[in-house]
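The figures here come from the full heavy-atom set of this structure, side chains too, leaving out hydrogens, waters and symmetry mates. Numbers here simply count residues along the sequence, with the first being 1.
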Amino acid sequence: MQFHSTRGGVKTASLARAIIEGLAVDGGLYLPNRVPKLNKRFVANLQKKDFQQIAVETLQPFMSEVPAAKLRRMSADAFNFSVPLKRIDDSLYVLELFHGPTLSFKDFGARFLARLLQLFLEEKKEKAKIIVATSGDTGSAVASGFLGMPNIQVFVLYPKGRISKLQEQQITTYGQNITALEVQGKFDDCQRLAKEALSIGKSHDGVHLSSANSINIGRLLPQSLYYLYAIAELRRQGVSRAPRFIVPSGNFGNLTAGLLAKKMGAQISGFVAATNMNDIVPIYLRTGRFKPRASKSTLSNAMDVGDPSNFARMLELYDGRQDKMARDITGFATSDKETMATITDTYRRYKYVVDPHTAVGITAARKYRQQHPCNEPMIVLSTAHPAKFKTIVERAIQKKISLPRELAAVVERKKKTVLVRAKIDDVMRVL
């Protein structure tokens, strides 16, 4: 399998090159030169497969450079936690993607990418420095996934004062090969700085600079797996109709992974792009105009993105045509007021507690249902444990919630960061 850049400057690159570079040398994002079709018998019998079996069968066509035995070991090691599908209403389901070590869906991509990158670096006898920009959960997932990797140093850029206290504790207390950079700016600044650093290619000591954001194709591919697994779980619960997925979206890596799954042959009826008030993509889906702008701060902070990187991949998957994209994807934006109301209402009606990002998804599902009355199954991707947003959730449901042990363990640890201005020279000095 070969990969190419969305900007056209790289026509053929190996998986190893795409993973190690993260961002292509022309500044584009890597995509496979072809999207392989899943075996029809495999798709028809998903309900008989566990997560690891789905992972190996789905990833193998992209990973011809990885021996099958190693792929099985990496999958078993990376995806070693549960993925429950909860039914909360007649045809509304929530796929809980927050049962990994950092209680975020980003554990899927980060843990697999860490193992894949380490494999390629060992083979090449090389080292890498990972730059990752985070608006919330990416940083902790990457830090956890890469912790202790012998050939890799990780530098996490996060916007000062714009993520929750618990998210900050998760990012800034690992130590070892993890360094947290507290950027005086917004997430958009962090993302810009990460891209500028990656365009330089190597640090001053000659070590590869790479990315663990969703711009790295190694993050996207494993995220496509839980779409297939959700379909398998739905069938195990007696529902055979193709579901529509509601995807809380910021940088749009998660939704792009779903598009790849559909293109591979997963039986998906469509998608809802659920955003907060940073609604650049929903506006594009309605009007055909894509106009990035400075991000706005919201309660669902991990989605506060004003210029989503993965839009370039989405465009290519639909040949640059808004009309084709809009047939598969509907977009809805949600205000903070609506987010809080949904957290409250979901708890009152179903005794089910959700974080602000999942609440954005549930709100979008209801808006979609109002416009398209039908009983097709709708699956909201629940991206983070509600306890990561304890203050917001407790205010909404008027009840205390306890911290899971994974979060309680980081509360008392000492924060250690490097404060930098939103300037590339400051970042490169640290790297």
Side-chain angles (χ1 to χ4, degrees), residues 1 3 13-25 30 55 59 62-80 100-102 106-134 138-157 170-181 193-223 416-418 427-431:
M1 175 67 73
F3 297 79
S14 66
L15 176 66
R17 176 181 171 185
I19 296 299
I20 291 173
E21 286 184 358
L23 190 70
V25 292
Y30 280 113
L59 294 176
F62 298 98
M63 311 233 165
S64 53
E65 298 162 54
V66 180
K70 287 187 177 179
L71 179 57
R72 283 194 293 271
R73 284 198 297 272
M74 285 193 297
S75 297
D77 190 33
F79 312 127
N80 60 354
T102 71
K106 296 183 179 182
D107 285 321
F108 288 89
R111 286 172 64 79
F112 186 83
L113 173 60
R115 286 147 181 80
L116 187 60
L117 179 57
Q118 179 67 20
L119 173 69
F120 288 142
L121 291 174
E122 286 176 350
E123 288 177 351
K124 295 175 178 293
K125 296 181 171 57
E126 294 178 345
K127 295 184 177 183
K129 292 181 179 180
I130 297 292
I131 304 108
V132 59
T134 185
T138 297
S140 56
V142 170
S144 171
F146 283 83
L147 185 65
M149 291 285 179
N151 298 319
I152 304 170
Q153 287 180 284
V154 176
F155 298 85
V156 182
L157 284 67
Q170 283 188 299
I171 291 167
T172 62
T173 59
Y174 280 104
Q176 296 186 51
N177 60 326
I178 312 297
T179 301
L181 279 69
L193 292 166
K195 287 182 176 179
E196 287 181 19
L198 290 168
S199 70
I200 293 169
K202 290 188 176 181
S203 58
H204 296 311
D205 56 7
V207 175
H208 288 291
L209 299 181
S210 187
S211 172
N213 277 99
S214 59
I215 61 175
N216 194 313
I217 191 68
R219 272 274 308 278
L220 282 191
L221 295 177
Q223 286 180 204
K416 185 178 180 182
T417 64
V418 180
V427 173
M428 290 307 298
R429 260 194 298 276
V430 179
L431 266 60

Quick check for you: to the nearest 0.5 Å, what is the distance between [X] atom [atom1] and [Y] atom [atom2]?
{"X": "Leu113", "Y": "Met74", "atom1": "CG", "atom2": "CE", "answer": "10.5 Å"}
{"X": "Lys70", "Y": "Arg115", "atom1": "NZ", "atom2": "CZ", "answer": "15.0 Å"}
{"X": "Phe62", "Y": "Leu220", "atom1": "CZ", "atom2": "CG", "answer": "10.0 Å"}
{"X": "Glu196", "Y": "Ile131", "atom1": "CD", "atom2": "CD1", "answer": "11.5 Å"}
{"X": "Ile130", "Y": "Thr179", "atom1": "CD1", "atom2": "OG1", "answer": "13.0 Å"}
{"X": "Leu181", "Y": "Thr172", "atom1": "CG", "atom2": "OG1", "answer": "12.0 Å"}

Which atom names give the shortest non-hydrogen contact between [X] and [Y], and what distance separates them?
{"X": "Arg111", "Y": "Asp77", "answer": "NH2-O, 2.9 Å"}
{"X": "Ala197", "Y": "Leu209", "answer": "O-CD1, 3.3 Å"}
{"X": "Tyr174", "Y": "Ser140", "answer": "OH-O, 3.8 Å"}
{"X": "Ser64", "Y": "Met1", "answer": "OG-N, 3.2 Å"}
{"X": "Ile171", "Y": "Ile178", "answer": "O-CG2, 4.4 Å"}
{"X": "Ala18", "Y": "Ile217", "answer": "CB-CG2, 4.0 Å"}

* To do: Go through the structure and list residues passing salt bridge (charged side-chain N to carboxylate O under 4.0 Å, His left out) with Glu122, not counting sequence neighbours.
  => none
* To do: Not counting sequence neighbours, which residues clear salt bridge (charged side-chain N to carboxylate O under 4.0 Å, His left out) with Arg73? List them please.
  => none
Return yes if some donor-acceptor pair links the side-chain N/O of [X] with the main-chain N/O of [Y] below 3.5 Å, else return no.
{"X": "Ser211", "Y": "Asn216", "result": "no"}
{"X": "Glu126", "Y": "His208", "result": "no"}
{"X": "Asn213", "Y": "Ile215", "result": "no"}
{"X": "Thr138", "Y": "Ala133", "result": "no"}
{"X": "Thr417", "Y": "Ala180", "result": "no"}

For residues 144-157, please give each side-chain donor-acceptor pair under 3.5 Å, one per line with the distance, not counting sequence neighbours.
none

* Steps toward side chain to side chain contact (heavy atoms under 4.5 Å, CB included) verdict (Leu431, Ile200) -> CA-CA 12 Å; Leu431 266 60; Ile200 293 169; over 6 Å; no
* Structure fact -> Sorted by chain and residue number, the side chain to side chain contact (heavy atoms under 4.5 Å, CB included) partners of Ala141 (sequence neighbours excluded) come out as Thr102, Lys106, Asp107, Ala110
* To do: Give every residue pair that meets the salt bridge (charged side-chain N to carboxylate O under 4.0 Å, His left out) criterion with at least one member in residues 204-221, sequence neighbours excluded.
  => Lys129-Asp205
* Asked: What residues, two or more places apart in sequence or in another chain, satisfy ring pair (Phe, Tyr, Trp, His ring centres under 6.0 Å) together with Tyr30?
  -> none
* To do: Kindly determine whether Phe120 and Leu15 satisfy side chain to side chain contact (heavy atoms under 4.5 Å, CB included), including the steps that lead there.
  => CA-CA 9 Å; Phe120 288 142; Leu15 176 66; 3.9 Å; yes
